[in-house]
Visitor: 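Here it is: the structure, laid out below.
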4 protein chains.
Amino acid sequence: MPYRQTASTRKNAENKRDGLLRAARSLVASGGFAAATVAAVATRGQVSVGSVYSYFDSRDGLLAEVFRSAAGHEIDVVRAAVTGTDRPATDRLAALIRTFGGRALQGRRMAWALLFEPVNPAVEVERLTYRRFYTDLGEEIIRAGLADGDFVPQDARLAASAVMGAVSEALIGWLRPDSPEPAPGTLDEIERFCFRALGVPVHDREETP
Amino acid sequence: MPYRQTASTRKNAENKRDGLLRAARSLVASGGFAAATVAAVATRGQVSVGSVYSYFDSRDGLLAEVFRSAAGHEIDVVRAAVTGTDRPATDRLAALIRTFGGRALQGRRMAWALLFEPVNPAVEVERLTYRRFYTDLGEEIIRAGLADGDFVPQDARLAASAVMGAVSEALIGWLRPDSPEPAPGTLDEIERFCFRALGVPVHDREETP
Amino acid sequence: MPYRQTASTRKNAENKRDGLLRAARSLVASGGFAAATVAAVATRGQVSVGSVYSYFDSRDGLLAEVFRSAAGHEIDVVRAAVTGTDRPATDRLAALIRTFGGRALQGRRMAWALLFEPVNPAVEVERLTYRRFYTDLGEEIIRAGLADGDFVPQDARLAASAVMGAVSEALIGWLRPDSPEPAPGTLDEIERFCFRALGVPVHDREETP
Amino acid sequence: MPYRQTASTRKNAENKRDGLLRAARSLVASGGFAAATVAAVATRGQVSVGSVYSYFDSRDGLLAEVFRSAAGHEIDVVRAAVTGTDRPATDRLAALIRTFGGRALQGRRMAWALLFEPVNPAVEVERLTYRRFYTDLGEEIIRAGLADGDFVPQDARLAASAVMGAVSEALIGWLRPDSPEPAPGTLDEIERFCFRALGVPVHDREETP
DNA sequence: CATGAATGAGGGTTCATTCAT
DNA sequence: AATGAATGAACCCTCATTCAT
């Protein structure tokens, strides 16, 4: 009875592969891509170094996939949150800011790794796509808002870029192993900042720190 | 004689040290901290590898000092530009944005290295100070502006952070070896973005893209 | 029933084994022994890596057997071509040269692998036998020719060795992935070279390059 | 007093480099290029692994240099032995055969490595040059001899190739760790073989084995 | 028996750091 | 005090071999 690629073996292989991806991902989440050495991934994935190479062509490839996977997930969540071109642009932009920012807040190291940590050319290519997604999305929403008169006239693309920068800087720019959690309400405040920047009248906050 | 000799010796030593710092700095400016290997620094500083260790405890220490030096220079320039608590806050904030942004534009790699490139814990400590300077300065100005009614009520510290993020993201967030120069006028547009965010009425731009 | 089953099982086992040998052989023929990794052999033989070890003790053993098999085939062909102790020695030697050379020309990589490529001690032992076959055969023929006065007096064994060397060097000594086919007529020319070396009067070639 | 590249330091560096080359060469001489791992070279050269990379770009480069050096020496010796276009071609060819063959006899493993052992593309390029030297030289001599009527008409290049093959096969074709030295007189016999092949009347040997 | 995932020794390479001169 | 050769730990990657299923 010859060996057959049964559902269970394939499932298992994918599990292992996923296990390694998870292992790598968790290492990236806690120490950035730099912490995801092949040996570390293997150890955490409870396999040998050689096994890593059964599932991935190279460390660079593995990291690129980790990036794609993590970034893809982020993108999915954000896309879902801002979906619906019939919604008011302000609504959608708020969703973009809060979703992007909220996710960065939980998983700040990962957010930092995805946005900033230098890794290798393959990952840089992925990063380009990842960053472009946010900027394109932001630009599209802002453009829609501009058309509806929600925002004051401005360069939509640059505004999108600036919005992402404001959010990410405020949330993960100060990332340190022991840096404290941003205060609750930070997200609200950033949202207001961005809306003002776009020219949307923002009602006063209740309490002034 | 012994005194003179000591003096000249010390002078010489400081020259060498400075030379190494300059060498390292120029390497960082063109290739980031990663390019500043000990060997590269020694070569460019026209001393031996071993000599580097006469002047610096370790590569980490050297890089930390390079960071301090480069960052200190940036800080000096920016501080000079925004100095004068009697000036209107809007004036000073504009100076902060334009100086910080303008300097980042020339020397984007260095700006990126100072703001984002991961190096080592010692440098991360320095970076904290560096980033804090901008945020503190921005906060102070914004606070002053708030007191004067120049800006709408908001969290001054967070606004400062967001401003820096908006500027740096728009200017160097997309930095890549071959990434194109930002369009002229980008700085103006970012300034307007930030002023709107702070609640300052901004006159329309002449041309709407 | 048990007998039949055993027979069929054994038949099957031998088929598998042969399949693996053929797979390995074809890999050697195109890329030398170095190309015959266990994984490559298994893939080409359409079995699992582990199965290879059901039929062979080790890669070294498998390669040794491949060598034996390929070399044995060469030997059979050459032996058939030179058979008949009643034939004139010149005839038989010509057959040896042309058969050995002709086969080397088609299948130069394999010929090179058999004659020259370093593999492992087990294969070196086989190679000894292989090379000895040619030398023994050549020696025997030359000795017969000497007895008949066909060749001028000389050390038969060394002459046999030299003949093989002349032929193989001229045909596959320059083997490289992109080396061109030897010109037609090369075999004729080598044959004349060898016959002259043995002291046989050789009629002039028609065309002198 | 700054460090200066004195004669002694350079001498020392060259000594070390040479020491490594000698270490590698001796490894090649006893075990072929395969035995010259970086670690083995370092150990035998009594330096650390890292030091090897102070003197050589890569293992491939080191081996290529070992090849060049060893082959170059061979070439020098042979060239010196056959020099003088005014000498009779028979003389020069005898010198070629005896020098090439004599050197192969002492240092058979090295001769084999230079002529046959696969290493890496860089070395293959060198090997091409090395082999071409012998063939070109042989061809030139034979061509001269043909012009003088010393040899019977034939393809000079192929004859040169065949001569080298005959010599190398007879001397190192049987190379094994424990293979016995060829009998004394072997060189004489090969020379006679080659001369006969070229069509030169050869006087009988005194004793027929 | 067959399978192929898993193993890990072994190989090449880099670079911060040390230390004899 | 200056030098830079030397060091070796750490990294990535390959592939023959094993063994649980």
Side-chain angles (χ1 to χ4, degrees), chain A residues 1-6 8-9 12-13 15-17 34 37-42 45-62, chain B residues 9 12-13 16 34 36-43 47-63 120, chain C residues 9 12-13 16 34 36-43 47-63 120, chain D residues 1-6 8-9 12-13 15-17 34 36-42 45-62 120:
Chain A
M1 189 186 297
Y3 181 95
R4 267 179 290 151
Q5 168 101 341
T6 61
S8 87
T9 60
N12 196 290
N15 282 346
K16 280 277 169 59
R17 212 185 127 91
T37 64
V38 175
V41 172
Q46 286 170 311
V47 300
S48 66
V49 168
S51 280
V52 175
Y53 289 88
S54 310
Y55 298 105
F56 302 93
D57 280 350
S58 65
R59 176 177 185 258
D60 284 359
L62 164 56
Chain B
T9 300
N12 188 31
K16 282 268 176 67
T37 63
V38 176
V41 171
T43 299
V47 301
S48 66
V49 169
S51 280
V52 175
Y53 286 87
S54 307
Y55 299 109
F56 302 93
D57 279 353
S58 65
R59 178 178 185 255
D60 285 359
L62 163 57
L63 294 191
N120 62 50
Chain C
T9 299
N12 188 31
K16 282 268 178 67
T37 63
V38 176
V41 171
T43 299
V47 300
S48 67
V49 169
S51 281
V52 174
Y53 286 86
S54 307
Y55 298 108
F56 303 93
D57 279 352
S58 65
R59 176 178 186 254
D60 286 358
L62 163 58
L63 294 191
N120 63 49
Chain D
M1 189 186 299
Y3 181 93
R4 266 178 292 150
Q5 168 102 336
T6 62
S8 87
T9 59
N12 196 290
N15 282 347
K16 280 278 170 57
R17 211 186 128 90
T37 63
V38 175
V41 171
Q46 286 170 314
V47 299
S48 66
V49 169
S51 280
V52 175
Y53 288 89
S54 309
Y55 297 105
F56 302 93
D57 280 351
S58 65
R59 177 177 184 256
D60 284 359
L62 164 56
N120 64 47

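Each chain gets a letter, A, B and so on, in the order its sequence line appears, and its residues count up from 1.
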Visitor: Report the distance from atom CZ of A/F56 to atom P of F/dC12, rounded to the nearest whole Å.
Guide: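 Atom CZ in A/F56 sits about 14 Å away from atom P in F/dC12.
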Visitor: Among E/dA6, F/dT7, E/dG4, find the nucleotide with the atom closest to the side chain of C/S48.
Guide: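 Nearest listed nucleotide: E/dG4.
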Visitor: Would you say C/R59's side chain and C/Y53's backbone share a donor-acceptor pair under 3.5 angstrom?
Guide: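 Absent.
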Visitor: Taking only residues two or more places apart in sequence, or in another chain, which ones meet B/A40 in a side chain to side chain contact (heavy atoms under 4.5 Å, CB included)?
Guide: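 Applying side chain to side chain contact (heavy atoms under 4.5 Å, CB included) to B/A40 gives B/L27, B/T37.
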Visitor: For C/D60, enumerate each residue passing the side chain to side chain contact (heavy atoms under 4.5 Å, CB included) test, keeping only those at least two apart in sequence or located in another chain.
Guide: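 Result, side chain to side chain contact (heavy atoms under 4.5 Å, CB included) vs C/D60: C/S58, C/N120.
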Visitor: Calculate the interatomic distance between B/Y55 atom OH and F/dA1 atom P; express it in whole Å.
Guide: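 In whole Å, F/dA1 P and B/Y55 OH are 9 Å from each other.
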Visitor: Can you tell me if C/S54 and C/S51 form a side-chain donor-acceptor pair at under 3.5 Å?
Guide: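 The criterion, which ignores hydrogens and geometry beyond distance, is not satisfied for C/S51 and C/S54.
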Visitor: What distance separates A/K16 NZ from A/Y55 OH, expressed to the nearest 0.5 Å?
Guide: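 Nearest 0.5 Å value for the NZ-OH distance: 5.0 Å.
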Visitor: Of all residues at least two apart in sequence or in a different chain, which pass the side chain to side chain contact (heavy atoms under 4.5 Å, CB included) check with B/F56?
Guide: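 Listed in chain order: B/R17, B/L20, B/L21, B/V52, B/L62, B/E65.
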Visitor: If I take atom CG in residue B/L63 and atom P in nucleotide E/dC15, what distance separates them, rounded to the nearest angstrom?
Guide: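 Rounding to the nearest Å, CG of B/L63 and P of E/dC15 are 14 Å apart.
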Visitor: May I ask you to verify if any side-chain N or O of B/K16 is less than 4.0 angstrom from the OP1 or OP2 atom of F/dA2?
Guide: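 Yes, because at least one side-chain N or O of B/K16 sits under 4.0 Å from OP1 or OP2 of F/dA2.
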Visitor: According to a 3.5 Å limit on both distances, what stems of 3 or more consecutive Watson-Crick or G-U pairs are formed with DNA chain F?
Guide: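 DNA chain F forms these stems: E:2-21 with F:2-21.
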Visitor: Going 5' to 3' through nucleotides 15-21 of chain F, assign each nucleotide B (protein heavy atom under 4.0 Å from a base atom), S (under 4.0 Å only from sugar-phosphate atoms) or - (no protein heavy atom that close).
Guide: -SBB---
Visitor: Checking contacts here: which listed nucleotide (E/dT7, F/dG8, F/dA2) is nearest the side-chain heavy atoms of B/S54?
Guide: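 Among E/dT7, F/dG8, F/dA2, the one nearest the side chain of B/S54 is F/dA2.
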Visitor: Quick check: closest heavy atoms across D/V49 and D/A39, and the distance to 0.1 Å?
Guide: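 In terms of heavy atoms, the two residues are closest at CG2-CA, 4.2 Å.
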